[in-house]
Engineer: 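Pasting a structure below so you can have a look.
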Amino acid sequence: MSVNYDKYEIVVGLEVHAQLLTQTKLFCGDSASFGGEPNTHVSPITLGHPGTLPKLNKKAVEFAVKMGLACHCEIERHNYFARKNYFYPDLPKGYQISQHTTPICKGGYVTIKNAAGEKKVLLNRIHLEEDAGKSLHDVDPDNTCIDYNRAGVPLIEIVTEPDIRSSDEAYAYLTELRKILRYTEVCDGNMEEGSMRCDANVSIRLKGETKLGTKVEVKNLNSIRNVKRAIEFETKRMIDLVESGEKIIQQTRSFDATNGTTFTLRTKEEANDYRYFADPDLTPFHITDSFLQEIKNSIPPLPEELVTKYTKELMLPEYDARVICDDKETAGYFELLITETTNYKAAANWMLGPIKSYLNENGSSITDFPVPAKTIGGLIQLVDEGKVNFSIASTRILPVLIKDTGKTPLQIATELNLIQNSDESSVLAWVEEALAKMPDKVTEYKKGKKGLIGLFVGEVKKISKGKADPKLTNQLLLEKLNN
Ligand code: ADP
Ligand code: MG
């Protein structure tokens with residue numbers, strides 16, 4: 001049977017849980033840091049003992065609002081927490097404190113690049129809630145162990161509208177979302193450690209259809225790539241089902257990363273009934289104008305904004321701008337660098353070329369890069385003044401600067417005798433020496449084999465040990481050859 005997959009449209013909505021980078025938990029002073037010996041971040045409040053009372057962590061509210069503002073959401077000023085009741089062994093209270101009818105952020109969007117150009121992926125909401133503990137099935141052969149360290153750690157859940165139309169768009173959305181989480185320092189975005197988790201809701205429908213199809217929710221996606229793989233597997237599975245005359249049933253499925261497939265976890269017969277009600281132990285909380293303003297002021301320039309600045313104001317190619325903005329630290333270094341030079345393209349070339357290669361080769365990140373931006377600015381100037389060429393600057397001077405950050409590029413260039421010679425008589429002598437070495441080639445050149453110019457340039461470079469000013473070399477060579 002040949003299936004026409006193009007008849008169908010893919011519809012995806014993503015739910016992302018992001019662990020907030022607060023010191024302490026959402027409703028008590030226990031450490032919210034990842035890991036730690038099991039059950040060491042557990043006061044009676046975390047364990048849900050009777051008689052304990054939760055107290056709201058203001059920092060968590062600040063982080064949720066910060067992310068909401070970064071995603072252009074409307075901020076809910078009057079909030080309350082609700083109890084979401086269900087039984088789970090790693091949920092000690094028997095309910096999770098979450099938000100119900102008043103998510104702290106509503107609407108909003110994240111801008112992504114897609115095949116058509118740009119797209120705003122619409123958000124439904126961002127709400128605050130506490131995390132559950134962790135069941136460990138592989139510690140003891142006969143029992144499940146529970147680690148409550150994670151119970152009560154603050155999360156935001158970021159929910160999109162069913163607005164994503166391909167696995168590539170899902171990939172782009174998550175990459176962008178993670179960047180925003182990291183730029184705002186709201187979450188470390190580490191999917192392997194579970195501080196950013198994603199569930200994908202997927203459905204299909206015939207192109208042109210406006211009603212949504214029955215959705216399947218895929219859980220346990222621990223990387224952005226796996227979200228993409230899961231969506232691809234799921235859409236094909238659903239289209240094949242429909243094409244063979246079967247019906248899609250609403251299910252929760254799990255992703256198996258080893259073979260890229262999904263399998264049924266549970267089939268939803270009816271909507272869950274969590275018996276939500278306002279938590280009587282927590283008072284409603286209000287976000288004041290001044291708190292909101294304070295948070296607004298604390299938001300650093302975000303990648304979207306920086307890319308626009310670099311392409312529109314500094315006239316950099318979009319590719320350069322995007323690579324520089326991939327992470328906040330690289331963009332931060334670049335921001336410093338452009339205060340040291342106005343040759344922005346050269347600055348970008350250094351970031352994308354020699355600096356990036358050095359970091360890749362050494363498995364380190366820009367925060368460990370020993371050469372200050374000011375010094376790279378000096379190197380750019382040295383090249384611009386024609387004192388050394390880029391290749392000498394990047395292969396001979398930069399390695400010395402990395403080891404000995406105390407010296408200036410000019411000092412090193414002078415010490416290593418690398419300063420280019422733009423003295424006409426010395427360059428002319430090298431040019432003449434080079435041409436005298438290859439009379440046959442000179443004849444060929446004169447007969448029309450103009451490509452040989454490169455050979456002559458190379459020879460002058462060799463004789464002068466790279467010190468002949470390249471512009472002058474070219475000029476003098478042409479003068480000699482064309483006479
Ligand atoms: P639930 O309460 O079952 O979790 P929601 O309506 O809250 O469902 O939606 C959860 C996520 O699923 C949202 O991101 C939403 O956009 C997405 N979603 C809802 N319906 C569909 C559908 N038919 N196809 C794809 N995604 C959907
Ligand atoms: Mg859901």
Side-chain angles (χ1 to χ4, degrees), residues 8-18 67-68 71-73 76 82-86 88 95-96 98-110 112 119-129 131-132 155-174 176-178 181 196-221 224 227-228 230-239 241-242 247-255 262 264-276:
Y8 293 91
E9 175 176 61
I10 305 167
V11 177
V12 176
L14 297 176
E15 296 166 273
V16 169
H17 284 94
M67 187 59 186
C71 296
H72 317 275
C73 303
E76 174 63 64
R83 289 188 183 180
K84 183 178 179 182
N85 297 281
Y86 59 98
Y88 226 74
Y95 59 85
Q96 178 189 23
S98 183
Q99 292 192 287
H100 187 215
T101 55
T102 60
I104 191 157
C105 314
K106 283 184 291 196
Y109 60 88
V110 170
I112 60 162
K119 167 169 174 169
K120 290 184 166 110
V121 173
L122 299 181
L123 301 184
N124 173 282
R125 65 174 188 275
I126 300 177
H127 69 253
L128 262 171
E129 62 184 29
D131 208 346
L155 301 177
I156 46 175
E157 182 173 341
I158 306 156
V159 184
T160 74
E161 293 294 346
D163 198 28
I164 295 165
R165 290 291 173 272
S166 69
S167 60
D168 286 331
E169 282 189 10
Y171 191 97
Y173 165 77
L174 290 172
E176 205 52 40
L177 189 75
R178 183 167 66 179
L181 285 166
M196 175 173 153
R197 309 194 284 269
C198 177
D199 301 332
N201 299 270
V202 187
S203 66
I204 54 158
R205 63 185 174 192
L206 285 171
K207 280 182 181 159
E209 173 63 70
T210 49
K211 252 179 54 203
L212 290 172
T214 304
K215 71 167 182 172
V216 161
E217 181 171 352
V218 188
K219 295 198 171 281
N220 297 327
L221 300 161
I224 296 181
V227 173
K228 179 170 147 74
I231 293 170
E232 280 159 10
F233 177 83
E234 221 19 64
T235 46
K236 179 166 186 314
R237 185 187 71 84
M238 290 199 274
I239 293 171
L241 266 180
V242 171
K247 266 187 89 159
I248 293 166
I249 36 175
Q250 189 172 335
Q251 281 183 334
T252 302
R253 297 176 73 88
S254 182
F255 182 66
T262 67
T264 309
L265 276 181
R266 52 185 180 269
T267 298
K268 265 192 192 167
E269 276 111 25
E270 59 207 76
N272 285 317
D273 186 354
Y274 294 115
R275 306 269 157 163
Y276 280 103

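Every number for a ligand or one of its atoms is a count from 1 in the order of the listing.
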Engineer: Using the salt bridge (charged side-chain N to carboxylate O under 4.0 Å, His left out) criterion, which residues pair with E129? Sequence neighbours excluded.
Structural biologist: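 Expected list: none.
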
Engineer: Counting N and O atoms only, with roles assigned by atom type, does the side chain of R125 sit under 3.5 Å from a partner on the main chain of I158, one being a donor and the other an acceptor?
Structural biologist: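 No; zero donor-acceptor contacts below 3.5 Å.
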
Engineer: For R125 and ligand 1, does the shortest N/O to N/O distance drop below 3.5 Å?
Structural biologist: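 No, R125 has no N/O under 3.5 Å of an N/O on ligand 1.
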
Engineer: Could R275 and D273 be called an ion pair, given the rule that one side-chain N must be under 4.0 Å from one carboxylate O?
Structural biologist: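 Between D273 and R275 there is a salt bridge, with a charged N closer than 4.0 Å to a carboxylate O.
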
Engineer: Counting each atom of ligand 1 from 1 as listed, which ones have a heavy atom of T160 under 4.0 Å away?
Structural biologist: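 With T160 as reference, the close atoms of ligand 1 come out as 13 (C), 14 (O), 15 (C), 16 (O).
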
Engineer: I need the atoms of ligand 1 closer than 4.0 Å to a non-hydrogen atom of G213, numbered in the order shown.
Structural biologist: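 Result: 23 (N).
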
Engineer: Do NZ/NE/NH1/NH2 and the carboxylate oxygens of E76 and K106 come within less than 4.0 Å?
Structural biologist: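 The answer is yes: the pair qualifies as a salt bridge.
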
Engineer: Who's closest to atom 3 (O) of ligand 1 heavy-atom-wise, of K215, E217, K211?
Structural biologist: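 Shortest heavy-atom distance from atom 3 (O) of ligand 1: K215.
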
Engineer: By number and element, which atoms of ligand 1 are closer than 4.0 Å to a non-hydrogen atom of L212?
Structural biologist: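 Numbered from 1, ligand 1 contributes 23 (N).
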
Engineer: Just distances here: any N/O of Q250 and N/O of ligand 1 closer than 3.5 Å?
Structural biologist: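 No, no N or O pair falls under 3.5 Å.
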
Engineer: Looking only at distances, can you tell me whether any N or O atom of N201, backbone or side chain, sits closer than 3.5 Å to an N or O atom of ligand 1?
Structural biologist: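 Looking only at distances, the answer is yes, because the N/O contact criterion of under 3.5 Å is met.
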
Engineer: Pick one of side chain, backbone, both or neither for how V159 approaches ligand 1, counting any non-hydrogen atom pair under 4.0 Å.
Structural biologist: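 For V159, the contact with ligand 1 is made by the side chain alone.
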
Engineer: Is it the side chain (CB and beyond), the backbone, both or neither of E161 that lies under 4.0 Å from ligand 1, heavy atoms counted?
Structural biologist: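 The backbone, only.
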
Engineer: Which atoms form the tightest heavy-atom contact between V218 and E234, and what is the distance?
Structural biologist: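 Distance-wise, the nearest heavy atoms are CG2-CG, 3.9 Å.
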
Engineer: So is K120 actually on top of Y109's ring, under 6.0 Å and inside 45° of the axis?
Structural biologist: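 Yes, K120 and Y109 form such a contact.
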
Engineer: Could you tell me which atoms of ligand 1, counted from 1 in the order shown, lie closer than 4.0 angstrom to a heavy atom of P162?
Structural biologist: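 Once the distances to P162 are compared, the set is 16 (O), 26 (N), 27 (C).
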
Engineer: Please say whether the positively charged group of K84, taken as NZ for Lys or CZ for Arg, lies over the ring of Y95, i.e. under 6.0 angstrom from the six-membered ring centre and within 45 degrees of the axis.
Structural biologist: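 Judged by the rule (NZ or CZ under 6.0 Å from the ring centre, within 45° of its axis), K84 is not positioned above Y95.
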
Engineer: Considering only NZ, NE, NH1 and NH2 on the basic side and carboxylate oxygens on the acidic side, decide whether E9 and K207 come within less than 4.0 Å.
Structural biologist: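 No, this pair does not count.
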
Engineer: If you measure from each non-hydrogen atom of L14 to ligand 1, which part falls under 4.0 Å: side chain, backbone, both or neither?
Structural biologist: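 Near ligand 1, L14 shows its backbone, while the atoms from C-beta on stay back.
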
